[in-house]
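The analysis underlying the following values was restricted to heavy atoms, covering all of them including side chains, and did not include hydrogens, waters or symmetry mates. Counting convention: from 1, in listed order, for ligands and their atoms alike.
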Amino acid sequence: MNKADSAIAKPDITLRRIRQTDLASVVALDTRVTGHAKPEYWNDMYERFASRRADQRFFLVAEGDGKLHGYMAGEVRAWEFGSEPCGWIFGFAVDPDSRLRGIGEALFQGIADEFRRVGITTMRTMVPRSSTLPMAFFRSEGMVAGPYIQLELDLEH
Ligand SMILES: CC(C)(COP(=O)(O)OP(=O)(O)OC[C@H]1O[C@@H](n2cnc3c(N)ncnc32)[C@H](O)[C@@H]1OP(=O)(O)O)[C@@H](O)C(=O)NCCC(=O)NCCS
């Protein structure tokens with residue numbers, strides 16, 4: 001059992017680092033939540049997170065009764081956009097049948113603890129303006145608008 005494998009607030013749920021055997025469940029949950037199956041993406045993500053920079057890349061899953069109920073992935077990114085090192089959450093989902101039981105919050109706190117453990121003091125994520133549920137979730141966990149503004153350009157016109 002590694003440092004991230006620990007009991008969390010929910011008595012029937014354990015938070016731990018992802019294992020290869022979790023990948024099919026992560027792909028299935030992501031597909032259910034986003035409507036878009038991307039097994040190659042998740043396999044590649046797993047390879048990168050499991051094999052390199054384990055002190056900066058964190059991919060946690062919430063497991064209970066032999067089932068994967070959710071996951072959250074993030075990594076430390078440094079010096080891009082003139083930023084000091086900070087922890088980015090870039091992927092997360094809780095099974096629709098397991099929501100509103102504190103699992104998302106446990107994953108959020110778990111990944112925040114991982115970032116703190118390696119000396120990171122700021123955590124960031126990005127949320128589409130139309131995604132009211134993730135926005136409500138992150139706001140309820142204390143996240144607020146940060147100092148950066150995202151800019152983009154449509155290259156087809
Ligand atoms: C956002 C998400 C992770 C929340 O997971 P969860 O386990 O249900 O969340 P929790 O039970 O820990 O809730 C934590 C807080 O979030 C907020 N929240 C969660 N679900 C909410 C909802 N449906 N409406 C409003 N607020 C909500 C609440 O403030 C809640 O605290 P409270 O229960 O004390 O009020 C989950 O709904 C999800 O996976 N959504 C889809 C995410 C997604 O689109 N991922 C793909 C893109 S990366």
Side-chain angles (χ1 to χ4, degrees), residues 4-50 53-54 56-78 80-81 83 85-117 120 122-152:
D5 292 1
S6 59
I8 55 170
K10 305 293 127 191
D12 53 342
I13 296 287
T14 298
L15 206 63
R16 61 166 172 78
R17 294 222 175 169
I18 190 171
R19 300 173 189 144
Q20 190 147 27
T21 48
D22 298 318
L23 270 175
S25 301
V26 168
V27 170
L29 175 52
D30 173 55
T31 305
R32 185 174 176 198
V33 169
T34 67
H36 184 191
K38 15 186 152 44
E40 285 179 16
Y41 167 79
W42 288 112
N43 274 302
D44 181 57
M45 192 60 64
Y46 176 78
E47 291 300 325
R48 291 199 286 129
F49 271 60
R53 293 174 56 201
Q56 296 182 308
R57 291 173 168 165
F58 307 110
F59 197 149
L60 303 182
V61 299
E63 179 185 56
D65 291 332
K67 183 184 162 190
L68 187 141
H69 294 270
Y71 63 85
M72 189 168 284
E75 71 177 323
V76 177
R77 304 293 293 252
E80 294 153 328
F81 317 114
S83 168
C86 78
W88 277 91
I89 296 173
F90 63 82
F92 63 97
V94 170
D95 188 315
D97 298 328
S98 308
R99 290 182 185 172
L100 296 174
R101 290 170 49 198
I103 295 172
E105 177 163 296
L107 285 162
F108 183 91
Q109 295 301 337
I111 211 157
D113 285 346
E114 294 280 23
F115 286 133
R116 279 191 203 99
R117 189 170 55 78
I120 294 298
T122 304
M123 198 155 77
R124 294 193 175 121
T125 192
M126 230 172 354
V127 181
R129 285 174 200 273
S130 57
S131 294
T132 52
L133 176 54
M135 184 68 83
F137 168 69
F138 285 123
R139 293 300 296 267
S140 83
E141 298 305 322
M143 293 191 107
V144 296
Y148 289 85
I149 296 174
Q150 178 208 325
L151 302 177
E152 68 180 32

Review point. Measuring to protein heavy atoms, does anything land under 4.0 Å from atom 16 (O) of ligand 1?
Key: yes
Practice item. Could you check whether the rings of Phe49 and Phe59 sit parallel, tilted or perpendicular, using 30° and 60° as the cut-offs? Key: perpendicular
Check your understanding: Residues in salt bridge (Lys or Arg N to Asp or Glu O under 4.0 Å) with Glu152, at least two apart?
Key -> none
Review point. Quick one: which ligand 1 atoms are inside 4.0 Å of a heavy atom on Val33?
Key: 41 (C), 43 (C), 44 (O), 45 (N)
Study note, to complete from the structure: Of all protein heavy atoms, the one nearest atom 41 (C) of ligand 1 is Arg99 NH2, 3.6 Å
Point to revise | Arg16 bridged to Asp22 by N-O distance under 4.0 Å | key: yes
Exercise for review: Check whether any protein heavy atom sits under 4.0 Å from atom 48 (S) of ligand 1.
Suggested key: yes
Check your understanding: Taking non-hydrogen atoms only, is Phe108 closer than 4.0 angstrom to ligand 1 via side chain, backbone, both or neither?
Key -> neither
Exercise for review: May I ask you to list the atoms of ligand 1 that are less than 4.0 angstrom from any heavy atom of Gly102?
Suggested key: 10 (P), 11 (O), 12 (O)
Exercise for review: Taking the six-membered ring for Trp and the single ring otherwise, decide whether the centroids of Trp42 and Tyr71 are under 6.0 Å apart.
Suggested key: yes
Practice item. Ignoring hydrogens, tell whether any protein atom lies closer than 4.0 Å to atom 32 (P) of ligand 1; use the non-hydrogen atoms only. Key: no
Practice item. Could you go through the salt bridge (charged side-chain N to carboxylate O under 4.0 Å, His left out) check for Arg77 and Glu75 one step at a time? Key: CA-CA 6 Å; Arg77 304 293 293 252; Glu75 71 177 323; 3.2 Å; yes
Exercise for review: Enumerate the atoms of ligand 1 whose separation from the nearest heavy atom of Glu141 is less than 4.0 angstrom.
Suggested key: 14 (C), 15 (C)
Check your understanding: What atoms of ligand 1 come within less than 4.0 Å of a heavy atom belonging to Leu133?
Key -> 20 (N), 21 (C), 22 (C), 23 (N), 37 (O), 40 (N)
Exercise for review: Have a look at Ala106, Gly104, Pro128, Ser140 and point out the one with the heavy atom closest to atom 6 (P) of ligand 1.
Suggested key: Gly104
Exercise for review: Check whether any side-chain N or O of Asp65 sits under 3.5 Å from a backbone N or O of Lys67 as a donor-acceptor pair, and report yes or no.
Suggested key: no
Review point. Hey, looking at atom 45 (N) of ligand 1, which of Tyr71, Phe92, Phe90 has the closest heavy atom?
Key: Phe92
Check your understanding: Quick one: does ligand 1 sit under 4.0 Å from the side chain of Leu107, the backbone, both or neither, non-hydrogen atoms only?
Key -> neither
Exercise for review: With heavy atoms of Glu105 as the reference, note each atom of ligand 1 found under 4.0 Å away.
Suggested key: 12 (O)
Practice item. Distance to 0.1 Å, residue and atom name: give those for the protein heavy atom nearest to atom 26 (N) of ligand 1. Key: Ala136 CB, 3.8 Å
Review point. Out of curiosity, Leu100 CG to Phe137 CZ, how far, rounded to the nearest 0.5 Å?
Key: 11.0 Å
Check your understanding: Closest non-hydrogen protein atom to atom 8 (O) of ligand 1, residue and atom name please, with distance?
Key -> Leu100 N, 2.8 Å
**Study point:** Carboxylate-amine/guanidinium proximity below 4.0 Å for Asp44 and Arg48
**Key:** yes
Practice item. Return the orientation label for the Phe138 and Phe108 ring planes: parallel under 30°, perpendicular over 60°, tilted otherwise. Key: tilted
Study note, to complete from the structure: for atom 39 (O) of ligand 1, nearest protein heavy atom and its distance come out as Val94 N, 2.8 Å
Point to revise | Distance (rounded to the nearest 0.5 Å) between Glu141 CD and Ile89 CD1 | key: 9.0 Å
Practice item. Return the residue, atom name and 0.1 Å-rounded distance of the protein heavy atom closest to atom 4 (C) of ligand 1. Key: Phe137 CD1, 3.8 Å
Study note, to complete from the structure: In ligand 1, the atoms that come under 4.0 Å of a heavy atom of Ala93 are 39 (O)
Practice item. Output yes when Glu114 and Arg17 qualify as a salt bridge under the 4.0 Å nitrogen-oxygen rule, no when they do not. Key: yes
